[in-house]
S.K.: 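Let me give you the structure first, and then I'll get to my questions.
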Amino acid sequence: MAKVIIIGAGGVGTVVAHKCAQNPDVFSEIVIASRTKSKCDALAKAITRPGGPKVTTDSVDADNVDELVALFRRHEPRLVINVALPYQDLPIMDACLIAGVNYLDTANYEPKDVAHFEYSWQWAYKKRFEEAGLTAILGCGFDPGVSGVFTAYAAKHYFSDMVTLDIVDCNAGDHGKAFATNFNPEINIREITQNGRYYQDGEWVTTKPLEIHKTLHYPNIGGRDSYLLYHEELESIVKNFPSIKRARFWMTFGQEYLTHLRVIQNIGMARIDEVEYNGVKIVPLQFLKAVLPNPQDLGENYHGETSIGCRISGLDKDHNPLTYYIYNNCSHEAAFRETGMQAVSYTTGVPAMIGAMMFLTGKWERPGVWNVEEFDPDPFMEQLPLQGLPWHEEFNIDLEVND
């Protein structure tokens, strides 16, 4: 058993805390820390139960390395579960190195002033974590996260060579709002409004934002408009599985959502540079975040489900052609009943807890900086259905992504 610190008390942090509390045989003590201690206190009250882990709270500015170091030294956790903002990954990693604490996150670092997604900043820490004897696990949500584990599982058990990979992410839920994002609005809108990018024959091909789209069919959901965009796990997966010749990421969006998004862009509210308003400098996208619905509050009226998976083609272990689809469907209603959060937060938070479990039980403990697909996928895959995310497989089907 071990103590962990969860940094962040939003939707994903709430799910992580609930799931850690459900596994007291692994998590003996949970510390929840964020900038707003009252949110941590409310979450601690919600997950504390007889026979469960000890739960305490603290406050921290996750941009401030000195505050983070003091927090870690005060509580002496075995592992930090970082579910704060992607801008804060590097300060938290710096603090982990100084305080001698292991690290796990769910999304790669991105600069606050540039919408740019790549792992190079965090991969640059590899030698320092190795020399410190510390483990850093990157991208342990669903996508990135489970998508990488699914790919590693397929490579281990079914394929001699994987040739194409398409990660498909469908949210077929309805929250009843005219416009709302399912996770941090600032991060969500920055991600979607950037150029698309996919991997083809050793090169990265850039597209206009949401330029490429097609109808894909999702289990128990049906056909949905699916748009090609760039997602960070593509970068690590093609590095770790070099037989892949083409790798893409698809996400579904409804037309009403896209119409709102175009308006937001056209009127300048998606800007991430500062503007002056009444003598005060503000970032338009950060202001928009303040007036949009809080993703943490969407769960109660959310209906429907998500479907996320990997569609892979290549050669099987006997070098015969093989197509393979592995996926999870998650109910918004079921996620809310269990944790008070919607399925998008649930599908990110559950894998983060499982990744922490993998490290704390010695299955994924290795000094250095690693993406999830570099570890043995089997123990993680065993835990997914036990912790609320069952997975399903289909073989030799039309993957709908051949062109």
S.K.: Looking at Ala84 and Ile92, what are the two nearest heavy atoms and their distance?
M.R.: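 Scanning both residues, the minimum pair turns out to be CB-CD1, 4.4 Å.
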S.K.: Could you tell me which non-hydrogen atom of Pro367 sits nearest to which non-hydrogen atom of Thr135, and how far apart they are?
M.R.: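 For Pro367 versus Thr135, the nearest heavy atoms are N-OG1, 3.7 Å.
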S.K.: Using side-chain hydrogen bond (donor to acceptor under 3.5 Å, both in side chains) as the criterion, list what pairs up with Ser226, not counting sequence neighbours.
M.R.: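 Partners of Ser226 under the side-chain hydrogen bond (donor to acceptor under 3.5 Å, both in side chains) test: Tyr218.
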S.K.: What class does the angle between the rings of Phe375 and Trp370 fall in, given that below 30° is parallel, 30 to 60° is tilted and above 60° is perpendicular?
M.R.: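 If you compare the ring of Phe375 with that of Trp370, the planes turn out perpendicular.
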S.K.: Apply side-chain contact (heavy atoms from CB on, under 4.5 Å) to the pair Leu229 and Phe249, showing each step before the final yes or no.
M.R.: CA-CA 6 Å; Leu229 51 94; Phe249 183 95; 3.7 Å; yes
S.K.: Regarding Asp166 and Arg248, does a basic nitrogen lie under 4.0 Å from an acidic carboxylate oxygen?
M.R.: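 Yes, charged N to carboxylate O under 4.0 Å.
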S.K.: Test of understanding: with side-chain contact (heavy atoms from CB on, under 4.5 Å), list the residues that count as partners of Glu274, not counting sequence neighbours.
M.R.: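 Partners of Glu274 under the side-chain contact (heavy atoms from CB on, under 4.5 Å) test: Lys281, Val283.
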S.K.: Within the 4.5 Å heavy-atom criterion, are Arg197 and Asn195 side-chain neighbours or not?
M.R.: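 Side-chain contact under 4.5 Å: no.
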S.K.: Within a strict 4.5 Å, meaning less than it, do heavy atoms of the Met162 and Ile312 side chains meet?
M.R.: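 They are in contact (side-chain heavy atoms under 4.5 Å apart), so the answer is yes.
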S.K.: Report yes if some heavy atom in the side chain of Phe150 is under 4.5 Å from a heavy atom in the side chain of Leu384; otherwise report no.
M.R.: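 Yes, close enough: below the 4.5 Å cut-off.
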S.K.: What is the distance from atom OG1 of Thr347 to atom CG of Asn171, rounded to the nearest 0.5 Å?
M.R.: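 Spacing of OG1 (Thr347) from CG (Asn171) equals 8.5 Å.
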S.K.: Checking Asp273 now: which residues fulfil salt bridge (Lys or Arg N to Asp or Glu O under 4.0 Å) with it, not counting sequence neighbours?
M.R.: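 Checked Asp273 against salt bridge (Lys or Arg N to Asp or Glu O under 4.0 Å); matches are Arg271.
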S.K.: Under 3.5 Å, side chain of His392 to main-chain N/O of Tyr327, donor-acceptor pair present?
M.R.: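 No; zero donor-acceptor contacts below 3.5 Å.
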S.K.: Which pair of non-hydrogen atoms, one from Gly355 and one from Leu104, has the smallest distance, and what is that distance?
M.R.: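 Gly355 and Leu104 have their closest heavy atoms at C-CD1, 3.6 Å.
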S.K.: Do Asp41 and Thr57 pair up side chain to side chain, a donor and an acceptor below 3.5 Å, judged on atom types alone?
M.R.: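 Short answer, yes.
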S.K.: Is the CD atom of Glu276 crowded by more than 12 outside heavy atoms at less than 6.0 Å?
M.R.: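 More than 12 heavy atoms, drawn from other residues, nucleotides or ligands, come within 6.0 Å of this atom.
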S.K.: Verify, without hydrogens or angle tests, whether Arg246 (side chain) and Ile244 (backbone) share a donor-acceptor contact under 3.5 angstrom.
M.R.: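 No, because the side chain of Arg246 does not come within donor-acceptor range (under 3.5 Å) of the backbone of Ile244.
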S.K.: side-chain contact (heavy atoms from CB on, under 4.5 Å) between Asp105 and Leu138: does it pass, once the steps are laid out?
M.R.: CA-CA 5 Å; Asp105 67 30; Leu138 306 183; 3.8 Å; yes
S.K.: Between Phe72 and Ala99, which heavy-atom pair has the shortest distance, and what is it?
M.R.: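 It is CB-CB, 3.7 Å.
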S.K.: Tell me whether Ser28 contacts the main-chain N or O of Ala2 through its side chain, where contact means a donor paired with an acceptor under 3.5 Å.
M.R.: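 Looks like yes, one N/O pair under 3.5 Å.
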S.K.: Any side-chain heavy atom of Thr151 within less than 4.5 Å of one from Glu373?
M.R.: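 A side-chain contact under 4.5 Å is absent here.
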S.K.: Ring-plane angle category for Phe395 and Tyr158, please: parallel below 30°, perpendicular beyond 60°, tilted otherwise.
M.R.: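 Ring orientation of Phe395 relative to Tyr158: perpendicular.
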S.K.: Please say whether more than 12 non-hydrogen atoms of neighbouring residues, nucleotides or ligands are located less than 6.0 Å from NZ in Lys214.
M.R.: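 For Lys214, atom NZ is crowded (more than 12 foreign heavy atoms under 6.0 Å).
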S.K.: Leu165 vs Tyr199, test: side-chain contact (heavy atoms from CB on, under 4.5 Å). Steps then yes/no.
M.R.: CA-CA 10 Å; Leu165 166 68; Tyr199 183 80; over 6 Å; no
S.K.: Between the main-chain N or O of Pro390 and the side-chain N or O of Asn328, is there a donor-acceptor pair closer than 3.5 Å?
M.R.: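 It does hold such a pair.
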S.K.: Any Lys/Arg nitrogen of Asp376 or Lys156 sitting under 4.0 Å from an Asp/Glu carboxylate oxygen of the other?
M.R.: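 A salt bridge is present here (some side-chain N lies under 4.0 Å from a carboxylate O).
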S.K.: Please answer whether the main-chain N or O of Ser345 pairs with a side-chain N or O of Gln342 as donor and acceptor at a distance below 3.5 Å.
M.R.: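 Here the side-chain-to-backbone pair exists.
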S.K.: Verify the distance criterion only: is there a donor paired with an acceptor across the side chains of Ser147 and Glu233 at less than 3.5 Å?
M.R.: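 There is such a pair (donor and acceptor under 3.5 Å, judged by atom type) between the side chains of Ser147 and Glu233.
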S.K.: With sequence neighbours excluded, tell me which residues meet salt bridge (Lys or Arg N to Asp or Glu O under 4.0 Å) with Glu232.
M.R.: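 Result, salt bridge (Lys or Arg N to Asp or Glu O under 4.0 Å) vs Glu232: none returned.
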S.K.: Among Phe380, Trp391, Phe241, which one satisfies ring pair (Phe, Tyr, Trp, His ring centres under 6.0 Å) with Tyr153?
M.R.: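 It is Trp391; the other options fail the test.
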S.K.: Distance check, rounded to the nearest 0.5 Å: Phe27 atom CZ versus Lys3 atom NZ?
M.R.: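 Interatomic distance, Phe27 CZ to Lys3 NZ, rounded to 0.5 Å: 14.5 Å.
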S.K.: Can you tell if the side chain of Trp204 reaches within under 4.5 Å of the side chain of Tyr230, non-hydrogen atoms only?
M.R.: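 Sidechains of Tyr230 and Trp204: in contact.
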S.K.: What are the two closest non-hydrogen atoms of Asn23 and Lys19, and how far apart are they?
M.R.: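 Result for this residue pair: ND2-O, 2.8 Å.
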S.K.: Say you draw a straight line from OG of Ser313 to CZ of Phe159; how long is it, rounded to the nearest 0.5 Å?
M.R.: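 If I round to the nearest 0.5 Å, the distance is 7.0 Å.
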S.K.: With Arg311 as reference, evaluate Leu216, Ile397, Thr323 under the side chain to side chain contact (heavy atoms under 4.5 Å, CB included) test and give the passing residue.
M.R.: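 So the option named by the test is Leu216.
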S.K.: Roughly how far, to the nearest 0.5 Å, is the OG1 atom of Thr14 from the CD1 atom of Ile47?
M.R.: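 One finds 9.0 Å between CD1 of Ile47 and OG1 of Thr14.
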S.K.: Evaluate Asn329 against Ser307 for side-chain hydrogen bond (donor to acceptor under 3.5 Å, both in side chains), listing each step before the verdict.
M.R.: CA-CA 4 Å; Asn329 277 33; Ser307 182; 2.7 Å; yes
S.K.: Begin from the C-alpha positions of Asn108 and Glu235 and carry the test side-chain hydrogen bond (donor to acceptor under 3.5 Å, both in side chains) through to its verdict.
M.R.: CA-CA 11 Å; Asn108 72 347; Glu235 180 185 17; 4.9 Å; no
S.K.: Is a side-chain N or O of Thr36 found less than 3.5 angstrom from the main chain of Lys39, in a donor-acceptor match?
M.R.: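 Side chain of Thr36 to backbone of Lys39: no pair is present.
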S.K.: Return the minimal non-hydrogen interatomic distance between Cys20 and Ile6, and the atom names on each side.
M.R.: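 Taking every non-hydrogen atom into account, SG-CD1, 4.5 Å.
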S.K.: Suppose we screen for salt bridge (Lys or Arg N to Asp or Glu O under 4.0 Å). Which residues come up paired with Arg224, at least two apart in sequence or across chains?
M.R.: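 Counting only residues at least two positions away or on another chain, Arg224 forms no salt bridge (Lys or Arg N to Asp or Glu O under 4.0 Å).
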S.K.: Can you name the residues that form a salt bridge (Lys or Arg N to Asp or Glu O under 4.0 Å) with Arg35, not counting sequence neighbours?
M.R.: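 For Arg35, the residues satisfying salt bridge (Lys or Arg N to Asp or Glu O under 4.0 Å) (neighbours in sequence not counted) are Asp61, Asp63.
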S.K.: Would you call Glu365 and Arg78 a salt bridge, taking side-chain N to carboxylate O under 4.0 Å as the test?
M.R.: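 A salt bridge is present here (some side-chain N lies under 4.0 Å from a carboxylate O).
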S.K.: So, taking the atom named CE in Met93 and the one named CH2 in Trp121, what distance separates them when rounded to the nearest 0.5 Å?
M.R.: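 It is 13.5 Å, given to the nearest 0.5 Å.
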S.K.: Do Leu210 and Tyr227 have side-chain heavy atoms sitting under 4.5 Å apart?
M.R.: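 Yes. Closest side-chain heavy atoms under 4.5 Å.
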S.K.: After noting the C-alpha distance and the side-chain angles of His231 and Asp143, does the key distance pass the side-chain hydrogen bond (donor to acceptor under 3.5 Å, both in side chains) rule?
M.R.: CA-CA 8 Å; His231 232 233; Asp143 46 350; 4.8 Å; no
S.K.: Counting only N and O atoms by type, is there a donor-acceptor contact under 3.5 Å from the side chain of Lys317 to the main-chain atoms of Ser160?
M.R.: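 It does not hold such a pair.
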S.K.: Go through the steps to decide whether His217 and Glu400 satisfy the test side-chain hydrogen bond (donor to acceptor under 3.5 Å, both in side chains), and finish with yes or no.
M.R.: CA-CA 8 Å; His217 291 78; Glu400 303 184 309; 2.7 Å; yes
S.K.: Aromatic rings Tyr119 and Trp123: how do their planes relate, parallel, tilted or perpendicular, breaks at 30° and 60°?
M.R.: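 It falls in the parallel class, under 30°.
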S.K.: I'd like to know if the side chain of Arg74 reaches the main chain of Asp58, judged simply by a donor and an acceptor atom lying under 3.5 Å from each other, with no hydrogens or angles considered.
M.R.: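 Not confirmed, Arg74 side chain does not pair with Asp58 backbone.
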S.K.: So, do Tyr87 and Glu110 sit near enough that their side-chain heavy atoms are less than 4.5 Å apart?
M.R.: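 In contact.
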S.K.: Are Glu338 and Tyr346 close enough that some pair of their side-chain heavy atoms sits under 4.5 Å apart?
M.R.: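 SC-SC contact between Glu338 and Tyr346 confirmed.
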